[in-house]
*Asks:* 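Below is the structure I would like to discuss, written out as structure tokens.
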Protein chains: 2
Amino acid sequence: MGRWEPDGRGRLERAALALYGERGFENTTVAEIAARAGLTERTFFRYFADKREVLFWGAGALRELLVSAVASAPESAAPMDVVVAAFETAAAVLQERRESALQRQVVISANAELRERELIKLALLGAALADALRRRGVPDTAASLTADTGIAIFRAAFEAWVHETEQRAFPQLIRDSFDELKAVTSGASS
Amino acid sequence: MGRWEPDGRGRLERAALALYGERGFENTTVAEIAARAGLTERTFFRYFADKREVLFWGAGALRELLVSAVASAPESAAPMDVVVAAFETAAAVLQERRESALQRQVVISANAELRERELIKLALLGAALADALRRRGVPDTAASLTADTGIAIFRAAFEAWVHETEQRAFPQLIRDSFDELKAVTSGASS
DNA sequence: TGGGTTGATGTCAGTTGCTGTCATCACTCT
DNA sequence: AGAGTGATGACAGCAACTGACATCAACCCA
């Protein structure tokens, strides 16, 4: 396994993130990414389904983390609490990589295609969470609703974390966001 | 204006929908669409930003309809009710074009790229609705939450409408979906 | 020891989505 | 009649992505 430099995927990932940051997503070609990583365009497409996917590959790991957190929660816990706790765990992990998470977010925010991809990743995450809840015996509709609400909480907290100057802890922001949601929804009566 | 057949955009739209339905989105080239419409590939891209957009062009009209419905609602009405009423209006319009709406949805469901685009269109719709609510004086967070909830209701109702065999009225399904949401959320305490 | 297998990578040619640029020409306006 | 104007065509070109096959170090097993 020593024929080539190791970790081709990682090198491509770092090269892509750097280039997207320097000159923007649209203005960097896959050939340039591959060149910087010391590889070929063809190899890039062996690792990543398309030019965007290099930024979203990590979402799979996040999804697995959340799903397993939901699966291993105590039986007695209420669905919404299970989901929020799972997101707190995930937030703690993300906190470790704050720098690259921020850099990645800047790149994504700057480009419509990338925002589009991000949305579908979140939707997939929601579906996976709802599934995990159903496996705990939560009824269909409630599972989807709880999962989607969890995602809404996460998005709000992530937004706050990104703009946070005092670096409040991300898991704490999840908790705060949940509290705010509870306040907003309990206030409404319609 | 009589130098060419009229309504190039409409012809392209119909040709695309037909071909996407016949042989799938990925297996039809823009050149084929243009040929069936009696136009050129170049002209296709003058009307539509990309190959997917031909299916989503109508979303702009839907958005305007919803936004203006929200804007013109009585001042006294509660935000959530305003949004639901707006969706009922939109549902009545969609009901008129049930056939092509269904055909369109089959095509979109069959393709990941298209589902991706659909999600971002819904997100944009949510943002537009939230804006419209803010212009009515609804506070930021509540506006976003109300708009997103409205979209969740719409999606559930649309799903039901698509699978509806007895053709229950779409606006009525919106109302039912809202009622179900109220039931689900008022049941949760956490 | 040596040959066969494997797996990550390279090479190359081709399709297609999409863009820039300029030409065309019926129609309109004055 | 002559000068726009606006929708379209023609054409060249870039870059994303794919399929098919070659390469060759490392590993496996007799």
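Just so it is clear, the structure is predicted and the values come from calculations on it, not from any experiment. Lettering follows sequence order; numbering is per chain, from 1.
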*Asks:* Without decimals, in angstroms, what is the distance between B/Arg23 CZ and C/dT16 C1'?
*Replies:*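 These atoms are roughly 14 Å apart.
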*Asks:* Please state how far atom CZ in B/Arg52 lies from atom P in C/dT16, giving the value in whole angstrom units.
*Replies:*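 These atoms are roughly 18 Å apart.
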*Asks:* Please, which pairs that meet side-chain hydrogen bond (donor to acceptor under 3.5 Å, both in side chains) have at least one residue in residues 131-140 of chain A, sequence neighbours excluded?
*Replies:*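 Found A/Asp131-A/Arg134, A/Arg134-A/Asp140, A/Arg134-A/Ser144.
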*Asks:* When you check the phosphate oxygens OP1 and OP2 of C/dG10, does a side-chain N or O of A/Thr43 lie under 4.0 Å from one of them?
*Replies:*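 Yes, because at least one side-chain N or O of A/Thr43 sits under 4.0 Å from OP1 or OP2 of C/dG10.
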*Asks:* In chain order, what residues pass the side chain to side chain donor-acceptor pair (under 3.5 Å) check against B/Glu13, with sequence neighbours excluded?
*Replies:*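 Counting only residues at least two positions away or on another chain, B/Glu13 forms no side chain to side chain donor-acceptor pair (under 3.5 Å).
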*Asks:* Per the salt bridge (charged side-chain N to carboxylate O under 4.0 Å, His left out) rule, what does the pair list look like for residues 144-165 of chain A, sequence neighbours excluded?
*Replies:*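 Non-adjacent pairs meeting salt bridge (charged side-chain N to carboxylate O under 4.0 Å, His left out): A/Glu164-A/Arg168.
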*Asks:* Connecting only ILVMFWY residues whose side-chain heavy atoms lie within less than 4.5 Å of each other, what is the rest of A/Ile108's hydrophobic cluster?
*Replies:*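 Members besides A/Ile108, by chain and number: A/Leu12, A/Leu17, A/Leu19, A/Tyr20, A/Phe25, A/Val30, A/Ile33, A/Leu39, A/Phe44, A/Phe45, A/Tyr47, A/Phe48, A/Val54, A/Leu55, A/Phe56, A/Trp57, A/Val107, A/Leu114.
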*Asks:* To the nearest Å, how far apart are B/Glu26 CD and D/dG19 C1'?
*Replies:*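 Nearest whole value for this atom pair: 16 Å.
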*Asks:* Tell me: CG of B/Leu12 to P of D/dA7, nearest whole Å?
*Replies:*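 Rounding to the nearest Å, CG of B/Leu12 and P of D/dA7 are 14 Å apart.
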*Asks:* Rounded to whole angstroms, how far apart are CZ on B/Phe44 and C1' on D/dG9?
*Replies:*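 Atom-to-atom, B/Phe44 to D/dG9, this comes out as 17 Å.
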*Asks:* Quick one: on DNA chain D, does B/Gly8 or A/Lys51 contact a more 5' nucleotide (nearest heavy atom)?
*Replies:*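 Here B/Gly8 is the residue nearer the 5' end.
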*Asks:* Do any of residues 29-41 of chain A sit with a heavy atom less than 4.0 Å from DNA chain D, and if so which?
*Replies:*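 Close to the strand are A/Thr29, A/Val30, A/Glu41.
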*Asks:* Enumerate all atom pairs, one protein N or O and one N or O from nucleotides 20-23 of chain D, separated by less than 3.5 Å.
*Replies:*
none

*Asks:* Can you list everything that forms a side chain to side chain contact (heavy atoms under 4.5 Å, CB included) with B/Ala91? Sequence neighbours excluded, please.
*Replies:*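 B/Ala91 satisfies side chain to side chain contact (heavy atoms under 4.5 Å, CB included) with B/Phe170, B/Pro171, B/Ile174 once adjacent residues are dropped.
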*Asks:* Hey, what else clusters with B/Val93 if you join Ile, Leu, Val, Met, Phe, Trp, Tyr whenever side-chain heavy atoms sit under 4.5 Å?
*Replies:*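 Under the 4.5 Å side-chain rule, B/Val93 groups with B/Leu65.
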*Asks:* Mind listing the residues from residues 107-114 of chain A sitting with a heavy atom below 4.0 Å of DNA chain C? Number order is fine.
*Replies:*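 Those residues whose heavy atoms fall under 4.0 Å from DNA chain C, taken from residues 107-114 of chain A, amount to none.
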*Asks:* Any salt bridge linking A/Glu26 with A/Lys51? Criterion: basic side-chain nitrogen under 4.0 Å from a carboxylate oxygen.
*Replies:*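 Not counted as a salt bridge, because no side-chain N and carboxylate O are separated by less than 4.0 Å.
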*Asks:* Touch check for A/Tyr47, heavy atoms < 4.0 angstrom, all strands: base, sugar-phosphate only, or nothing?
*Replies:*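 Since only primed, P, OP1 and OP2 atoms lie under 4.0 Å of A/Tyr47, the category is sugar-phosphate.
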*Asks:* Roughly how many Å is it from CZ in A/Arg9 to C1' in C/dT9, rounded to a whole number?
*Replies:*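 From A/Arg9 CZ to C/dT9 C1': 15 Å.
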*Asks:* Name all residues meeting the side chain to side chain contact (heavy atoms under 4.5 Å, CB included) criterion together with A/Ala31; count only those two or more places apart in sequence or in a different chain, and write none if there are none.
*Replies:*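 Side chain to side chain contact (heavy atoms under 4.5 Å, CB included) check on A/Ala31 returns A/Thr29, A/Glu41.
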*Asks:* Run the side chain to side chain contact (heavy atoms under 4.5 Å, CB included) test against A/Thr141 and tell me which residues pass, sequence neighbours left out.
*Replies:*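 Testing A/Thr141 for side chain to side chain contact (heavy atoms under 4.5 Å, CB included), a comparison that skips the adjacent residues, returns B/Glu180, B/Val184.
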*Asks:* Does the distance from a Lys or Arg side-chain N to an Asp or Glu carboxylate O, for A/Arg23 and A/Glu32, drop under 4.0 Å?
*Replies:*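 Salt bridge between A/Arg23 and A/Glu32, a charged N being under 4.0 Å from a carboxylate O: yes.
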*Asks:* Which one, C/dT19, C/dG10, D/dA16, comes nearest to the side chain of B/Phe45?
*Replies:*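 Comparing C/dT19, C/dG10, D/dA16 against the side chain of B/Phe45, the answer is C/dT19.
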*Asks:* Can you tell me how far P of D/dA16 sits from CD of A/Glu53, to the nearest Å?
*Replies:*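 In whole Å, D/dA16 P and A/Glu53 CD are 16 Å from each other.
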*Asks:* Drop me the distance from A/Lys121's NZ to B/Glu116's CD, to the nearest 0.5 angstrom.
*Replies:*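 These two atoms lie 8.5 Å from each other.
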*Asks:* If you look only at pairs with a residue in residues 92-136 of chain A, which of them pass as a ring pair (Phe, Tyr, Trp, His ring centres under 6.0 Å), with sequence neighbours excluded?
*Replies:*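 Listed by first then second residue: nothing to list.
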*Asks:* Could you give the CG-to-C1' distance, from B/Asn27 to D/dT18, as a whole number of Å?
*Replies:*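 These atoms are roughly 14 Å apart.
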